[in-house]
Amino acid sequence: MIKLLAVDMDGTCLNGKSRITASTIQALREAARAGITVVPTTGRNLFCLPHRLAEGTLYSARSEEGRKNAGLFRYVISSNGARVTDIRERTTLFREMIPKDTAVSLLERCKGQRLITASHINNRYLLQGRAAAAAGRIIYGKDAKGIYCVRDMAQTVKKSAFQTEELQFYFFTKRDRQRLEALLSLYPDLTAAYTSVYAEVFSKNAAKGRALEVLARQLGIAREETACIGDGENDLSMFEASGLSIAMGNAFEGLKEKSDYVTSSNNRDGVAKAVKKILDAERFVRRFRCAED
């Protein structure tokens, strides 16, 4: 019986237009009503969760749809496992940050490179430069509540009273990525997950899988009672920590090979279809047990 469902956001719950569909939201609500602990598990920071998911849970509902989300989720794994938050109690259950000296050193080394720099600090998304911040607000729309513009990321991190959850570097060419990889090789205490346009950099001790294990242990949920859905390189550790792993149809091949099941793509409501299969299986097991009794 599945008791905890960890669900990635970008490329999984969100379609190619960075939007979460009504079918996906409804499926997650049905899972929560069935008693499954739904856990958004994302590379995003806490305050940049999809607004259709966050309304009614992370912040006050202003719409009928938002009011339906009440109780949808309580726990969030954010910044690729750097933080686990209990939003009901407003407490951090787990954190694994990038040391300040390390973050500042890397950011200083990246100056002069053709990179757009971002960071996650205190559950907020900081972007260096007005143009980058404006582009982020356009791309993410209402999901961009947590985006803030800074002039110099290295100085911002250095002066901040909070530790850094994650650094992000957007690159324009393959050569830019190679230069970034060379710089990151100088920091063995960091790890990185890549997409075709950016790298997410976080502590080597932070991972979605480790955060999921910590949360499940605190909730008294066994590995075989956990399931996860994802699409990217940063979801590999989550797949290794779950009893049931489901890859999106648009997932990279390495993740599909590690999965127990491949659902449809994020543009074809793959999450909704996967959740339906989980719930159908749960109902079958319950009927079988009732028949035995």
Side-chain angles (χ1 to χ4, degrees), residues 6-10 12-14 18 20 37-62 66 69 72-100 102-104 106-107 116-128 132-133 136-137 139-150 153-170 190-191 193 198-203 205-208 210-212 214-215 218 234 238:
V7 192
D8 174 52
M9 295 289 106
D10 293 276
T12 301
C13 279
L14 301 180
S18 292
I20 185 167
T37 299
V38 175
V39 182
T41 306
T42 178
R44 294 186 180 206
N45 63 290
L46 181 62
F47 293 146
C48 279
L49 282 182
H51 74 280
R52 291 189 68 180
L53 192 67
E55 186 183 6
T57 51
L58 190 59
Y59 55 87
S60 298
R62 295 182 178 180
N69 285 348
L72 174 55
F73 62 88
R74 174 175 175 176
Y75 308 99
V76 179
I77 296 174
S78 58
S79 297
N80 283 303
R83 187 188 293 269
V84 181
T85 305
D86 180 341
I87 61 173
R88 184 181 301 171
E89 297 296 326
R90 298 176 182 268
T91 57
T92 298
L93 303 181
F94 170 82
R95 74 181 74 198
E96 192 64 59
M97 304 296 182
I98 300 174
K100 179 172 289 191
T102 300
V104 172
L106 176 57
L107 288 165
I116 294 175
T117 306
S119 67
H120 297 180
I121 299 177
N122 193 28
N123 291 318
R124 289 170 169 79
Y125 187 51
L126 309 183
L127 270 163
Q128 182 171 291
R137 293 188 184 101
I139 293 170
Y140 293 109
K142 292 182 179 179
D143 295 354
K145 286 179 176 293
I147 289 181
Y148 296 85
C149 174
V150 302
M153 191 65 70
Q155 288 302 307
T156 297
V157 170
K158 186 175 182 178
K159 294 177 181 179
S160 176
F162 303 96
Q163 292 180 299
T164 303
E165 301 161 22
E166 179 179 305
L167 295 172
Q168 290 183 344
F169 299 95
Y170 293 80
L190 299 179
T191 189
Y198 67 88
E200 297 173 313
V201 180
F202 40 96
S203 167
N205 296 319
K208 289 184 178 182
R210 185 181 180 201
L212 178 58
V214 170
L215 177 59
Q218 291 193 26
N234 60 349
M238 183 168 69

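Without hydrogens or angle criteria, Ser119 side chain to Ile121 main chain gives no donor-acceptor distance under 3.5 Å. Although no hydrogens or angles enter the test, the distance criterion places no donor-acceptor pair under 3.5 Å between the side chain of Asn80 and the main chain of Ala206. A donor-acceptor pair under 3.5 Å is absent between the side-chain atoms of Ser18 and the main chain of Leu14, judged by distance alone. Listed for the Arg210 side chain is a donor-acceptor partner under 3.5 Å among the backbone atoms of Asn205. In this structure, Gln168 contributes its side chain and Ala118 its backbone to no donor-acceptor pair below 3.5 Å. Thr12 places no side-chain N or O within 3.5 Å of a backbone atom of Met9 that could act as its donor or acceptor partner. Looking at Thr41, its side chain does come within 3.5 Å of a backbone N or O of Val39 through a donor-acceptor pair.
To the nearest 0.5 Å, atoms CD (Gln163) and NZ (Lys100) are separated by 8.0 Å. Atom-to-atom distance recorded for Glu166:CD and Arg44:CZ is 12.0 Å, nearest 0.5 angstrom. Residue Leu106 holds its CG atom at 11.5 Å from CE of Met153, rounded to the nearest 0.5 Å.
Residues Pro40 and Leu53 are in side-chain contact: their nearest non-hydrogen atoms beyond the backbone lie under 4.5 Å apart. Using a 4.5 Å cut-off on side-chain heavy atoms (C-beta onward), Val7 and Phe73 make no contact. Side-chain contact between Lys208 and Asp8 is present, with heavy atoms from C-beta onward closer than 4.5 Å. Between Tyr75 and Ile87, every side-chain heavy-atom pair lies at or beyond the 4.5 Å cut-off. Asn45 is not listed as a side-chain neighbour of Ser78, based on a closest heavy-atom distance of 4.5 Å or more. Inter-residue side-chain proximity for His51 and Tyr59 is flagged as met; some heavy-atom pair is nearer than 4.5 Å. Between Val76 and Leu49, some side-chain heavy-atom pair lies under the 4.5 Å cut-off.
Residues forming a side-chain contact (heavy atoms from CB on, under 4.5 Å) with Ala103 (at least two apart in sequence, or on another chain): Ile98, Val157, Thr164, Leu167.
The aromatic rings of Tyr125 and His120 stand perpendicular to each other, their planes meeting at an angle above 60°, with 30° marking the opposite boundary.
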